[in-house]
Protein chains: 2
Amino acid sequence: MNTSDSSNDNDRRSLIIDATVRSFGRLGYYGTSLQRIATEVGLTKAGVLHYVGSKEGLLDLVLAEEYDRDTLQVMAAMVVQERPLIADMWRRVVAVNAKRPALVHMFSTLSAEALDPDHPAHAYFVDRERQTVTSAMNINWSVPDGVDVEHVLQAGLSMMDGLQLRWLRSPGRDLNAMWADCEDVLFPSPLWDGYR
Amino acid sequence: MNTSDSSNDNDRRSLIIDATVRSFGRLGYYGTSLQRIATEVGLTKAGVLHYVGSKEGLLDLVLAEEYDRDTLQVMAAMVVQERPLIADMWRRVVAVNAKRPALVHMFSTLSAEALDPDHPAHAYFVDRERQTVTSAMNINWSVPDGVDVEHVLQAGLSMMDGLQLRWLRSPGRDLNAMWADCEDVLFPSPLWDGYR
DNA sequence: GTCTATAGTCCGATAGAC
DNA sequence: GTCTATCGGACTATAGAC
């Protein structure tokens with residue numbers, strides 16, 4: 001009768017994902033063991049492997065299925081606007097990320113670890129960087145005359161990556177407030193008046 | 001007679017440092033084994049431990065002794081100026097880092113890995129972030145009226161951290177050129193005319 | 001679906017010979 | 001100063017019982 005007891009597949013799967021996000025964030029991919037995940041969710045190594053196939057299967061699971069979801073929705077919200085503002089997009093991205101520190105932590109750690117061309121997530125991050133800029137370049141942004149949109153995008157995205165490291169380094173910081181300070185630098189008066 | 005043959009202490013020590021910088025960069029602290037370092041420099045694990053004491057000894061060696069050296073010289077060059085320019089400081093930092101990709105790679109990887117409060121280099125990075133900003137705030141920068149120096153510093157330093165990740169992610173990129181594009185965003189006309 | 005058991009390898013660190 | 005040998009433990013993954 002009861003097909004959704006406290007240890008059904010969905011719960012297990014979610015628990016494994018959550019534990020993996022935390023561990024990849026704190027210890028990286030190389031520093032994470034299946035044993036750690038298994039202990040955290042109350043299974044054995046073999047039990048975890050039943051769900052994810054292999055250690056690399058964990059990567060695909062948390063990157064493609066978990067991290068990308070929310071970010072893609074922000075981009076979708078921008079495409080439907082006629083003359084969207086870059087500052088508006090980034091405020092939305094920051095607001096989303098401020099509510100998921102564990103996923104941002106995992107992203108930051110894997111992003112640095114995957115600089116290594118041999119890292120199993122290297123291609124993912126190379127691809128993601130390229131795709132983020134090119135898809136943003138296809139939007140008809142409302143910007144002041146003379147502004148190089150690609151330079152602004154590259155600079156702002158770099159700033160966000162660096163800021164998130166600072167945010168996570170010390171507990172109790174407010175990412176939205178930190179980004180508000182960055183906006184003053186990124187979109188100063190008088191140049192950006194009316195464009196943010 | 002010959003006290004500096006091909007396997008004296010200085011050579012060994014330098015070789016160990018170089019191999020450690022490379023390995024910490026590619027694999028992180030957790031992902032690096034003493035065996036890897038030992039093999040690369042032609043020693044056994046025990047031989048390496050003779051020089052560095054422990055795995056954490058490697059961290060102190062490469063961070064305090066190797067990475068910080070060049071950066072501190074840039075700051076020293078700014079302090080002696082009467083009305084230094086922030087843009088000038090950062091151009092110097094970027095020029096230095098562009099010539100030592102392996103050390104920047106190590107710094108970026110450890111910086112993310114050490115977000116974890118239990119990481120042996122966590123305190124180093126927390127301390128370094130604080131010290132970088134406070135020491136820069138003690139300099140009498142030449143900036144346009146109305147500019148918040150601390151916001152500019154936090155934003156620019158974040159941007160540099162993020163940009164270095166992008167630089168290292170794909171081979172063949174020119175960090176100086178990438179930073180020049182960032183400068184257009186960080187110090188735009190007309191606000192910063194005459195201040196860069 | 002989850003377990004135990006195990007294979008085979010690697011880990012950091014120490015002791016002690018030379 | 002560098003080695004061999006060794007400790008106690010961790011690792012991924014597989015095989016096979018239930």
Side-chain angles (χ1 to χ4, degrees), chain A residues 1-20 22-62 109-110 113 116 118-121, chain B residues 1-24 26-63 109-110 113-114 116 118-121:
Chain A
M1 293 226 176
N2 185 0
T3 59
S4 62
D5 65 49
S6 68
S7 62
N8 64 33
D9 273 16
N10 262 336
D11 282 356
R12 286 265 198 248
R13 203 182 154 82
S14 294
L15 284 174
I16 289 174
I17 288 179
D18 287 354
T20 303
R22 274 195 303 275
S23 186
F24 280 0
R26 294 175 61 95
L27 308 172
Y29 176 77
Y30 297 138
T32 293
S33 68
L34 291 176
Q35 181 61 68
R36 164 177 287 267
I37 311 290
T39 302
E40 210 163 329
V41 302
L43 284 179
T44 59
K45 289 176 292 180
V48 172
L49 283 169
H50 167 73
Y51 284 92
V52 302
S54 68
K55 195 182 176 185
E56 289 200 22
L58 277 174
L59 258 186
D60 301 339
L61 211 59
V62 293
T109 301
L110 293 181
E113 202 182 29
D116 176 11
D118 296 332
H119 192 284
Chain B
M1 294 229 177
N2 185 358
T3 59
S4 62
D5 65 38
S6 68
S7 61
N8 65 33
D9 273 16
N10 262 335
D11 281 356
R12 287 267 198 247
R13 203 182 153 83
S14 294
L15 284 174
I16 289 174
I17 287 179
D18 286 355
T20 303
V21 168
R22 275 195 303 274
S23 186
F24 281 180
R26 293 175 61 95
L27 307 173
Y29 176 78
Y30 297 138
T32 293
S33 67
L34 291 175
Q35 181 62 68
R36 165 177 287 266
I37 310 290
T39 302
E40 210 162 327
V41 302
L43 285 178
T44 59
K45 286 180 292 181
V48 172
L49 283 170
H50 166 73
Y51 285 92
V52 302
S54 69
K55 196 182 177 185
E56 289 201 21
L58 278 175
L59 258 186
D60 301 340
L61 211 59
V62 293
L63 284 177
T109 301
L110 293 181
E113 202 181 29
D116 176 11
D118 297 332
H119 192 284

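A, B, ... follow the sequence lines: proteins, then strands. Residue 1 opens every chain.
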Rounded to whole angstrom units, what separation is found between the [atom1] atom of [X] and the [atom2] atom of [N]?
X	N	atom1	atom2	value
K45(B)	dT4(D)	NZ	C1'	11 Å
L59(B)	dG12(C)	CG	C1'	14 Å
D11(A)	dG1(C)	CG	P	14 Å
Y51(A)	dG1(C)	OH	C1'	6 Å
Y29(A)	dC11(D)	OH	P	14 Å
Q35(B)	dC11(D)	CD	C1'	16 Å
Y30(A)	dT9(C)	OH	P	21 Å
I37(A)	dA10(D)	CD1	C1'	15 Å

Check the phosphate of dT2(D) against R12(B), side-chain N and O only, distance under 4.0 Å to OP1 or OP2. Yes or no?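 It does, given that an N or O in the side chain of R12(B) lies less than 4.0 Å from OP1 or OP2 of dT2(D).
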
Report yes if some heavy atom in the side chain of T109(B) is under 4.5 Å from a heavy atom in the side chain of R26(B); otherwise report no.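 Side chain of T109(B) against side chain of R26(B), heavy atoms only: no contact under 4.5 Å found.
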
On a heavy-atom basis, which atom in R36(B) and which in S23(B) lie closest, and how many Å separate them?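 Reported closest heavy-atom pair: CD-OG, 3.0 Å.
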
Looking only at non-hydrogen atoms, find the nearest pair between Y30(A) and K55(A) and report the distance. O-NZ, 3.9 Å

If you find the nucleotide of DNA chain D closest to V48(B) and the one closest to T32(A), which residue's nucleotide is nearer the 5' end? V48(B)

State which of [options] makes the closest approach to the side chain of [X].
X	options	result
H50(B)	dA13(C), dT2(D), dT2(C)	dT2(D)
K55(A)	dA13(C), dA13(D), dC11(C)	dA13(D)
T44(B)	dT4(C), dC3(D), dT2(D)	dC3(D)

Counting any heavy atom closer than 4.0 Å, what does S33(A) reach on the DNA or RNA strands: base, sugar-phosphate only, or nothing? sugar-phosphate

Answer with base, sugar-phosphate or nothing: what part of the nucleic acid does L49(B) contact at a heavy-atom distance below 4.0 Å?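 The answer is base, as L49(B) lies within the cut-off (heavy atoms under 4.0 Å) of a base atom.
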
Which atom pairs, donor and acceptor, lie under 3.5 Å between side-chain atoms of residues 15-22 of chain B and protein residues at least two apart or in another chain?
{"from": "T20(B)", "atom 1": "OG1", "to": "I16(B)", "atom 2": "O", "distance (Å)": "2.7"}
{"from": "R22(B)", "atom 1": "NE", "to": "E40(B)", "atom 2": "OE2", "distance (Å)": "3.0"}
{"from": "R22(B)", "atom 1": "NH2", "to": "E40(B)", "atom 2": "OE2", "distance (Å)": "2.6"}

Comparing A46(B) with L43(A), nearest DNA chain C nucleotide closer to 5' gives the residue L43(A)

Is there a donor-acceptor pair under 3.5 Å between the side chain of E113(B) and the backbone N or O of Y29(B)?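 Such a contact is found between E113(B) side chain and Y29(B) backbone.
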
